[in-house]
Each structure stands twice: as structure tokens, then as C-alpha cells.
Number of protein chains: 2
Amino acid sequence: MPASTGLRARVRAELTAEIKDEARRQLAESGASGLSLRAITRALGMASSGIYRYFPSRDDLLTALIVDAYDSLGTVAEEADARCTRDDFGSRWAAVGRAIRGWARSHPQEYALVYGSPVPGYRAPQDTIGPASRVTSVLAGIVNEASREGALRVGLTPPGLPPLPAHVAAEARRLAEVAFPGTPDETVIRAIEAWTQLFGMVSFELFGHLEGVITDPAPIFDRALLEMGTHVGLPAPRTGTPSSGPAIPFPESGVG
Amino acid sequence: MPASTGLRARVRAELTAEIKDEARRQLAESGASGLSLRAITRALGMASSGIYRYFPSRDDLLTALIVDAYDSLGTVAEEADARCTRDDFGSRWAAVGRAIRGWARSHPQEYALVYGSPVPGYRAPQDTIGPASRVTSVLAGIVNEASREGALRVGLTPPGLPPLPAHVAAEARRLAEVAFPGTPDETVIRAIEAWTQLFGMVSFELFGHLEGVITDPAPIFDRALLEMGTHVGLPAPRTGTPSSGPAIPFPESGVG
DNA sequence: GCCAAATCAAGAGCAGTGCTCATCTATTGA
DNA sequence: TCAATAGATGAGCACTGCTCTTGATTTGGC
């Protein structure tokens with residue numbers, strides 16, 4: 001018995017983890033609203049009322065799962081980025097995009113939990129905004145570093161298009177201050193567009209809106225990644241055309 | 001007593017409509033999983049078991065609401081398109097995009113129902129794919145007509161980018177046959193990108209992922225619409241810069 | 001080592017849910 | 001007119017989240 005405050009605290013931490021693990025298992029096979037506190041306690045062999053000492057309500061459990069999901073996705077994105085050659089910005093963008101899609105496909109219910117419709121009557125607490133920003137930071141970081149090293153193509157607005165309206169430019173400047181230091185307004189706006197495009201496509205695929213429209217989303221997704229990277233001014237990947245892995249099959253293997 | 005089969009059938013249709021109306025009301029204030037059949041019957045003053053003669057299960061009611069939502073959104077998109085000058089393709093694209101966002105903002109729970117995470121344990125039946133395709137058809141129709149009338153800018157892939165990979169081109173050709181007759185492969189793929197970008201941005205706004213990132217989404221959304229229209233080769237709107245209406249406020253007013 | 005205080009486990013219970021079923025009534029078509 | 005059918009009803013089942021009381025354990029200060 002090393003730590004005085006150890007025994008009880010450790011068994012509590014263990015049970016908390018077990019509850020979350022079982023919750024994740026049920027989430028994976030029944031979805032968010034199929035998650036039942038009583039079923040969890042039943043699987044763990046404890047009394048149904050006992051779980052409330054660990055998670056004061058169902059929403060609190062859900063929040064914990066959301067935080068974990070954001071963290072899991074954030075880690076995957078960061079690792080994918082870290083695996084790339086630092087100044088190959090096009091490849092980094094593509095790699096992170098593919099990592100996000102891969103994580104979403106191997107954790108569909110957790111993806112739905114964080115990027116689907118907000119759970120009814122549930123308002124995201126402050127705890128989630130920290131972990132939520134990790135993925136976004138990775139994507140923004142690529143654009144920022146490319147900008148800092150002069151690898152970004154600028155002057156993006158084509159001749160036929162009007163320049164950024166005042167409201168848009170103002171928003172871009174505000175955003176540049178907090179997340180895109182030294183990046184041109186046009187680039188900031190296009191980064192937002194690419195960001196929403198990326199998650200829009202993943203969500204459409206995961207939520208079934210590509211069914212009957214696109215037979216194999218992987219190559220389309222890769223092409224979109226390439227074109228959106230170009231759209232924000234990133235250079236093309238050096239290592240040739242990126243690939244989202246196997247064509248049709250993409251079981252539970254994905255990233256951890 | 002005019003029609004022999006009339007009285008009973010009409011009162012049944014009326015009650016069915018009343019149930020859906022009450023369901024929509026509850027949906028708007030409690031979300032999809034807050035929808036309770038018993039609460040509906042309570043509000044309608046009928047026995048709780050009576051509702052099952054009109055909707056055999058909760059999922060069937062949900063399906064009916066989904067179909068109605070798709071139809072409502074489809075109508076709004078078609079009307080917005082119809083209001084535009086036929087050969088002003090840039091304006092049509094922008095108008096339909098803004099109509100979609102407007103409908104989503106005034107029917108957030110119904111939008112979440114159809115474009116959010118699929119409700120747990122619920123698989124979309126065939127009934128939904130027809131109405132679901134209406135919005136998509138409007139968007140595709142704009143690109144198609146522009147293509148047919150030679151208003152589409154082609155040769156979109158910039159010098160630095162590789163041409164469409166074989167898999168992507170094949171998918172584009174397949175899609176062109178069913179939805180984009182005579183439209184170049186590059187355009188088809190970019191239309192898919194613009195489509196997912198549009199709904200990606202609306203979903204991010206509706207589901208709170210723009211919170212703390214973008215203060216006023218309307219101008220950004222308009223700019224994205226403009227740039228994505230250009231991305232697929234549509235000409236710029238003739239009527240100047242489009243506007244998504246009032247800056248911040250956007251209450252329940254929207255489209256019906 | 002003792003003992004009050006805090007923590008935890010357990011079970012009963014409440015109000016709510018979707019859904020089924022037997023029963024009774026009202027409408028229908030022949 | 002009358003059997004067949006559709007509709008309305010209330011009881012009941014199994015489930016849910018959550019509360020509260022009761023009793024057993026572990027803790028930290030003395």
C-alpha cells in the first residue's frame with residue numbers, strides 16, 4: 001500500500017475506465033441513444049444505482065465519451081501529420097485528411113457523437129472545446145507553417161471574381177489573429193472552406209448520403225483533398241497522388 | 001354523405017396530419033430523441049395505444065417526418081431556383097445554396113433529422129430516397145443546364161495538378177450518365193465537392209462547430225458559395241455579390 | 001489502534017417510455 | 001339488416017434515467 005490516498009482512488013479510476021469501455025462498446029453497436037446506464041451496470045455486474053457515483057447523469061457519461069473521441073481523433077491527426085516530411089505541406093494536408101476519414105470510418109458512432117446532430121437536450125459543456133480544437137489546430141498548423149515558410153500560393157481570387165467583401169475580410173482578420181498569424185485573408189477564408197468541405201464529405205459518407213451516388217468514396221475523397229489543398233494555396237504533394245487505402249473494404253482495422 | 005368511403009378515410013387523414021403536426025412541434029423543441037408517442041397522444045387527447053393504428057411504430061412516424069422534411073427542403077430549393085433568371089447560373093447556384101441554409105436555420109431539428117447522425121438503430125427505408133434527391137437534383141440541374149448551354153468554364157485542373165485518376169474518372173463517367181449528362185468529368189467531381197462543401201458548412205453552423213470560430217457565418221457562407229460555384233466552372237452571378245440576408249439575426253422567419 | 005467521517009454498494013421505488021393485447025364500440029359495404 | 005371491419009380504450013409488460021434510504025467499507029485525524 002504505497003500511496004495513502006491510493007487504494008480507493010485507484011479502484012475508482014479503474015471502475016470509471018471500465019464503465020467508459022463498456023459504454024463505448026454499447027455505443028459502437030447501438031448508437032448514442034441506445035446507450036443505457038442500466039445495461040452498462042448489468043454488464044459490469046454492479047447495481048444500477050451504483051453508476052451514478054461515477055457519472056452523475058447519462059449526459060455526463062456522454063460528455064466523457066465525447067471528450068475521449070475528440071482526443072482520439074486529435075491524436076490520430078497529429079500522428080499522421082508528424083509522420084510526414086515537414087515541408088511537404090501538400091502531403092501533410094492529404095495525410096491528415098485521410099487520417100480523419102480513416103478514424104471516422106473505424107469509429108462511426110463516435111464520429112456521429114461529435115460531428116453528427118447534437119444529442120437532444122444536450123448542450124456541449126466547456127470541457128469539450130479544448131479537445132475539439134486539436135484536429136482543427138493540426139489543419140490550421142499546416143496552412144500556417146506553409147504561410148510562414150513562403151510555400152503558400154497567394155493571390156487566389158481569379159480575375160472574374162470580386163475581392164473579399166468587407167464583412168468577410170473582417171472575419172478573416174479576426175481569425176488570422178487567433179489562429180492564422182500572418183496568413184492572407186483570402187487564404188484564411190479558403191482554409192475554412194476546405195475545412196468544412198473535408199468534414200462535409202466525411203459526414204455525407206458516414207451518414208449515408210453518398211449511397212447510390214458514389215460507389216467508392218475513397219478516390220473521390222482523395223481528389224477532393226488534393227483540390228481543396230490547392231484551393232487554399234498549398235503546393236501539390238511531392239509523393240505523387242495520395243491514396244485513401246483499399247478501394248471498397250475498410251473494416252474495423254483503421255487507426256486506433 | 002357524399003363519398004361512400006369518405007367519412008372514415010377523411011377523419012383518418014386528418015388525425016394522421018394532426019399527429020405529424022404535433023410530432024413536428026415536439027421535434028422542434030425537444031429534438032428527435034425527445035419525441036414521445038405518449039406525449040403526442042396526450043396532447044391530442046387520445047389514448048396512448050391509439051396512435052399505433054396510424055403509425056405502427058416510432059420509427060414509422062420518424063420516417064414520415066423525414067420524408068416531409070426532405071420534401072419541404074426540396075420545395076424551398078426548387079422555388080428559390082425558379083425565382084432566378086434562367087441563364088444566370090451563378091445566381092441560381094447562390095440562391096439555392098442560401099435557400100438551403102435558410103431552411104436549415106429555420107428548421108434546425110428537421111435538418112438534424114435528415115442530415116445529422118442517423119437515428120440510432122434506424123435504417124433509412126426506400127421511401128426517403130425519392131424526396132431526398134430533390135435538393136440534389138436542383139443543384140445538379142443548374143450545373144447541367146449551364147453545361148448544355150455552354151456557360152460552363154471547362155479545363156478546370158490547373159497546370160500543377162495531375163489529371164483525374166482512373167478511378168475518379170470512372171466514377172465521374174458513371175455519375176454523368178445518371179445525373180450529369182454531357183458534363184465533363186472534372187466538372188462532375190467538382191460538383192460533388194461543392195455539394196459536400198455546402199452541406200458541410202451548413203451542418204457545421206447548425207451543429208455548433210463554428211462557435212468561437214466564426215462570429216457571423218452568413219457572409220462567409222456566401223463567399224464559399226461564390227467560390228464553390230466558380231470551382232465547378234459556373235459563371236459569377238450577374239446581380240453582384242449575393243447576400244444571405246441579415247447579418248446576425250435569423251429567427252424563425254425563414255422559408256416555409 | 002480507535003472512531004467519526006466520508007465513500008461506496010445495494011435495493012426499492014417513481015415517473016416515464018415503446019409496444020401488445022383483449023375488449024368494446026362505431027362505421028362500413030353487401 | 002348484419003356480419004365484417006376499423007377504431008378507441010385501458011391494463012399490462014419490460015425497459016429507461018434517476019432518487020432515496022439503508023447498511024457495509026474505507027479513510028484520515030487523534
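Labels below follow one simple rule: chain letters A, B, ... track the order of the sequence lines, proteins then strands, and each chain is numbered from 1.
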**Student:** Under the side-chain hydrogen bond (donor to acceptor under 3.5 Å, both in side chains) test, which residues partner A/Asp68, sequence neighbours left out?
**Tutor:**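 Here the qualifying residues are A/Lys20, A/Arg24.
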**Student:** Over how many whole Å does the gap from B/Ile40 atom CD1 to C/dG16 atom P extend?
**Tutor:**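 Distance check: B/Ile40 CD1 to C/dG16 P gives 16 Å.
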**Student:** Hey, are B/Arg134 and B/Thr75 close enough side-chain-wise for a donor-acceptor pair under 3.5 Å?
**Tutor:**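 A donor-acceptor contact under 3.5 Å links the two side chains.
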**Student:** Let me spell it out: for each of A/Arg38 and A/Gly45, pick the nucleotide of DNA chain C with the closest heavy atom. Which residue's pick is nearer the 5' end?
**Tutor:**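 Nearest-nucleotide comparison on DNA chain C picks A/Gly45.
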**Student:** Is it true that the side chains of A/Asp60 and A/Ser57 contain a donor and an acceptor less than 3.5 Å apart?
**Tutor:** yes
**Student:** Nearest whole angstrom, please: distance from the P of C/dA9 to the CD of A/Glu14.
**Tutor:**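 Those two atoms, CD and P, are 12 Å apart.
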**Student:** Expressed in angstrom and rounded to an integer, what is the separation of A/Met46 atom CE from C/dT7 atom C1'?
**Tutor:**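 In whole Å, C/dT7 C1' lies 13 Å from A/Met46 CE.
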**Student:** Regarding A/Leu35, tell me which of base, sugar-phosphate or nothing describes its non-hydrogen contacts under 4.0 Å with the strands shown.
**Tutor:** sugar-phosphate
**Student:** Can a side chain N or O of A/Arg12 be found less than 4.0 Å away from OP1 or OP2 on C/dC8?
**Tutor:**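 Yes, such a contact exists.
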**Student:** So for B/Arg8 and C/dT28, does any side-chain atom that can act as donor or acceptor lie under 3.5 Å from a complementary atom in the base?
**Tutor:** no
**Student:** Among residues 48-58 of chain B, which contact DNA chain D at a heavy-atom distance under 4.0 Å?
**Tutor:** B/Ser49, B/Gly50, B/Arg53, B/Tyr54
**Student:** Is the centre of the B/Phe207 ring less than 6.0 Å from the centre of the A/Tyr115 ring?
**Tutor:**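 So the answer is no for these two rings.
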**Student:** Between atom CG in B/Asp60 and atom P in C/dC19, what is the gap in whole Å?
**Tutor:** 8 Å
**Student:** Check whether any side-chain N or O of A/Arg58 sits under 3.5 Å from a backbone N or O of A/Leu35 as a donor-acceptor pair, and report yes or no.
**Tutor:** yes
**Student:** Nearest whole Å is fine: how far is C/dG18 C1' from B/Ile19 CD1?
**Tutor:** 15 Å
**Student:** Can you check the A/Leu61 CG to D/dT16 P distance for me, whole Å?
**Tutor:**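 Interatomic distance, CG of A/Leu61 to P of D/dT16: 14 Å.
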**Student:** With sequence neighbours left out, write down each residue that passes side-chain hydrogen bond (donor to acceptor under 3.5 Å, both in side chains) with B/Gln26, or none if nothing qualifies.
**Tutor:**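 In terms of side-chain hydrogen bond (donor to acceptor under 3.5 Å, both in side chains), with neighbours along the sequence ignored, B/Gln26 is linked to B/Glu22.
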**Student:** Considering only side-chain heavy atoms of B/Leu15, which listed nucleotide, D/dA8, D/dG17, C/dG18, is closest?
**Tutor:**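 Comparing D/dA8, D/dG17, C/dG18 against the side chain of B/Leu15, the answer is D/dA8.
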**Student:** How close or far is atom C1' of D/dG7 from atom CG of B/Leu44, stated in whole angstroms?
**Tutor:** 15 Å
**Student:** Please check this pair: side chain of B/Glu171 against backbone of A/Asp216, looking for a donor-acceptor N/O pair closer than 3.5 Å.
**Tutor:**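 Side chain of B/Glu171 to backbone of A/Asp216, a donor-acceptor pair under 3.5 Å: yes, one is there.
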